[in-house]
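Input: a single structure, listed below in structure tokens.
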Amino acid sequence: MIEPLRSVTATRYVEALREGGSLPGLVEADDDGMYVTKFRGAGQGEKALVAEVVAGELARALGLPVPELVVVDVDVALAAAEPDPEIQDLIQASPGRNLGMDFLPGALPYTPGAPIDPALAADIVWFDTLVTNVDRTHRNPNLLVWGRRIWLIDHGAAFFRQHGDKSLTLTAHETVPMLDQHVLLAAAGSIEEADERLGSRALSAVGEAIARVPPQWLGVNPTSRRADFASFLVERLGRPRSFLKDIEHARG
Ligand SMILES: Nc1ncnc2c1ncn2[C@@H]1O[C@H](COP(=O)(O)OP(=O)(O)OP(=O)(O)O)[C@@H](O)[C@H]1O
Ligand SMILES: [Mg+2]
């Protein structure tokens, strides 16, 4: 039996995190926790939330630090207390289940070029290439430093080809763009060793990561969407792993 994501109910919209392109907000919930919340009514819609969960839970299964992900239940009445009309609209467009990430208070952004364990950097590059996450660049590292560790956040752009008109599975061997701009590419140690560390773990974690996505975000046929994600990942993890060539190529 696979544990679903924990659910909390939003009690207060605290503030907007202005730097985020998807208008994430800091939300307080009924468990007294604070969550960086991504709303299903935002620009990229529920698909971005699906990407966050599949990638985030997969990363966690690989031992990469990702703050806890939860479902944040939102009542549109929350909008009434919000002065900003843009935020009001966002809340009103997002009743029900939204995605929360445990807020790490006082976390600092990772500074590109700061020292990092080469094996960890290689694991993160390997992982991002597997899930086609194009959003961990020098300009926008989406890594936080908190409690002497590096934390991975913001996987909404992973599986970016889900927004196209083909199934993800049909795109499994297409190359990952922008890899040469990955913030940890230069710091990464051996990708072959990362592959040895992570390959079979990833394969056995695929089903569980996908199962954790709430069905409400998966459109009219959640079963086939889950199957598409699963076969995309299983294809990419099959041998030969074409995505390793993408990394080699980006490293020049
Ligand atoms: N768990 C967290 N703890 C503390 N701060 C966070 C957390 N998650 C996100 N943030 C802060 O909020 C910002 C926006 O979050 P995130 O990157 O997930 O949103 P986004 O809209 O997808 O952003 P963008 O597309 O601009 O990268 C982050 O850059 C970071 O400063
Ligand atoms: Mg971000």
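When a ligand or atom number is given, it counts from 1 through the structure's own listing order. Please read all numbers here as calculations on a predicted model, not as lab measurements.
Between Glu57 and Arg60 there is a salt bridge, with a side-chain nitrogen of the basic residue lying less than 4.0 Å from a carboxylate oxygen of the acidic one. For Arg6 and Asp31, the salt-bridge test passes: some basic side-chain N is under 4.0 Å from an acidic carboxylate O.
Comparing Val36, Asn142, Asp102, Asp154 by heavy-atom distance to atom 1 (N) of ligand 1, the nearest is Asp102. Taking all heavy atoms of Thr137, Leu17, Leu104, Ile153 into account, the minimum distance to atom 28 (C) of ligand 1 is reached by Ile153.
Note: an N/O pair closer than 3.5 Å links Asn140 and ligand 1 by distance alone.
Trp146 does not carry Arg149 over the face of its six-membered ring by the limits of under 6.0 Å from the centre and within 45° of the normal.
For His173 and Phe232, the ring centers are positioned 6.0 Å apart or more. Ring centers of Phe243 and Trp126: under 6.0 Å apart, within the cut-off.
Leu152 and Leu108 are assigned to two separate hydrophobic clusters, defined by single-linkage of ILVMFWY side chains at heavy-atom distances under 4.5 Å.
Heavy atoms of Pro24 approach ligand 1 to within less than 4.0 angstrom.
When each atom of ligand 1 is checked for a heavy atom of Met101 under 4.0 Å away, the hits are 1 (N). Short contacts between ligand 1 and Leu144, defined as distances under 4.0 Å to a heavy atom of the residue, involve ligand atoms 2 (C), 3 (N), 4 (C), 5 (N), 6 (C), 7 (C).
Distance check: Ile124 CD1 to Asn133 CG gives 11.0 Å after rounding to the nearest 0.5 Å.
If you look at Ser22 next to ligand 1, the close heavy atoms, those under 4.0 Å, come from the backbone and the side chain alike.
Metal site remark for the Mg ion (ligand 2): Asn140 contributes no N, O or S atom at a distance under 2.8 Å.
When distances from the Mg ion (ligand 2) to the N, O or S atoms of Asp154 are compared, OD2 comes out shortest.
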